[in-house]
Amino acid sequence: MFKSTIIDPVFPNCPIRNVLSRISDRWTILIMLTLEAEGKPMRYTDLLARIPDISQKMLTVVLRNLEADGLVTRQAYAEIPPRVEYSITDRTRTLLPHINNLVNWATENLDDILKDRQAFAEKK
């Protein structure tokens, strides 16, 4: 069943908890970045091909959640066979620079983080 409302039960009015609970899963940011990189609407099957380790069910769930939050638009065409395309919204375009900064930071710091993790594990 599709659950479009995710509200933090302890802090329902906290914007950080409510937004992060939606975008911090394994797939959401990857889907948004894939749609951004394509630069044009993408069909479901194209998204599935670009993210090969996501299941069909999970892609459907995440796309619905993104649509519910106004981060992705879904355009269905009355054709045979049916065609559905997804694209990012203006709201997502305002979020993506922050996500891209996080991606850049992670890329720049990953080697040191992995070394620190290894050193920490060796101390235990």
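No hydrogens, no waters, no symmetry mates; every other heavy atom, side chains included, goes into these values. Index from 1, following the sequence.
Cluster annotation: Leu95 is connected to Val103 through the hydrophobic network of ILVMFWY side chains, with a link wherever side-chain heavy atoms come within less than 4.5 Å. Both Ile16 and Val19 belong to a single network of hydrophobic side chains, linked directly or stepwise wherever heavy atoms of I, L, V, M, F, W or Y lie under 4.5 Å apart. At a threshold of 4.5 Å between side-chain heavy atoms, the hydrophobic network of Ile, Leu, Val, Met, Phe, Trp and Tyr places Tyr86 and Val61 in two separate groups.
Taking CG of Leu71 as the start and OG of Ser87 as the end, the distance is 11.5 Å to the nearest 0.5 Å. The line from CD1 of Ile31 to CZ of Arg26 is 11.5 Å long, rounded to the nearest 0.5 Å. Residue Leu66 holds its CG atom at 13.5 Å from CZ of Arg74, rounded to the nearest 0.5 Å. Atom CD of Glu85 is separated from atom OH of Tyr77 by 4.0 Å, given to the nearest 0.5 angstrom. With values rounded to the nearest 0.5 angstrom, Thr45 atom OG1 is found 10.0 Å from Leu59 atom CG. A distance of 9.5 Å separates CE of Met32 from OG1 of Thr89, quoted to the nearest 0.5 Å.
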Would you give me the side-chain donor-acceptor pairs under 3.5 Å for residues 117-124, sequence neighbours excluded?
residue	atom	partner	partner atom	Å
Gln118	NE2	Glu122	OE2	2.9

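Shown here for Leu48 and Ile54, the closest heavy-atom pair between the two residues is CD1-O, 3.7 Å. Considering every non-hydrogen atom in both Thr34 and Met42, the closest pair reads O-SD, 3.9 Å.
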Practice prompt. Could you give me the CA-CA distance, side-chain angles and deciding distance for Leu63 and Leu47, then say whether side-chain contact (heavy atoms from CB on, under 4.5 Å) is met?
Written response: CA-CA 10 Å; Leu63 286 169; Leu47 277 167; 4.1 Å; yes
Item to complete: Mind running side-chain contact (heavy atoms from CB on, under 4.5 Å) on Asp69 and Asn65 for me, showing each step along the way?
Response: CA-CA 6 Å; Asp69 284 356; Asn65 287 338; 5.7 Å; no
Worksheet item: Taking it one step at a time, do Glu38 and Arg50 satisfy salt bridge (charged side-chain N to carboxylate O under 4.0 Å, His left out)?
Response: CA-CA 10 Å; Glu38 189 66 23; Arg50 290 277 301 272; 2.5 Å; yes
Discussion item. Please determine whether side-chain contact (heavy atoms from CB on, under 4.5 Å) holds for the pair Glu36 and Ile99, giving the CA-CA distance in whole Å, both sets of side-chain angles, and the decisive distance to 0.1 Å.
Written reply: CA-CA 11 Å; Glu36 176 196 34; Ile99 291 173; over 6 Å; no
Discussion item. Using the rule given for side-chain contact (heavy atoms from CB on, under 4.5 Å), can you reason through His98 versus Leu102, listing the C-alpha separation, both sets of side-chain angles and the distance that settles it, and then say yes or no?
Written reply: CA-CA 6 Å; His98 305 287; Leu102 178 61; over 6 Å; no
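Remark: Arg91 CZ is loosely packed, at most 12 non-hydrogen atoms of other residues, nucleotides or ligands lying under 6.0 Å away. No more than 12 heavy atoms of other residues, nucleotides or ligands lie within 6.0 Å of CD in Gln56, so this atom counts as exposed by the packing criterion.
Looking at Asp46 and Arg43, no side-chain N of the basic residue comes within less than 4.0 Å of a carboxylate O on the acidic one, giving no salt bridge.
Formation of a donor-acceptor pair under 3.5 Å by the Thr92 side chain with backbone atoms of Ile88 is not found in this model.
Between the side chains of Asp25 and Thr28, a donor-acceptor pair is found at a separation under 3.5 Å.
Applying the side chain to side chain contact (heavy atoms under 4.5 Å, CB included) test to Ser55 and every residue at least two apart in sequence or in another chain returns Lys57, Met58.
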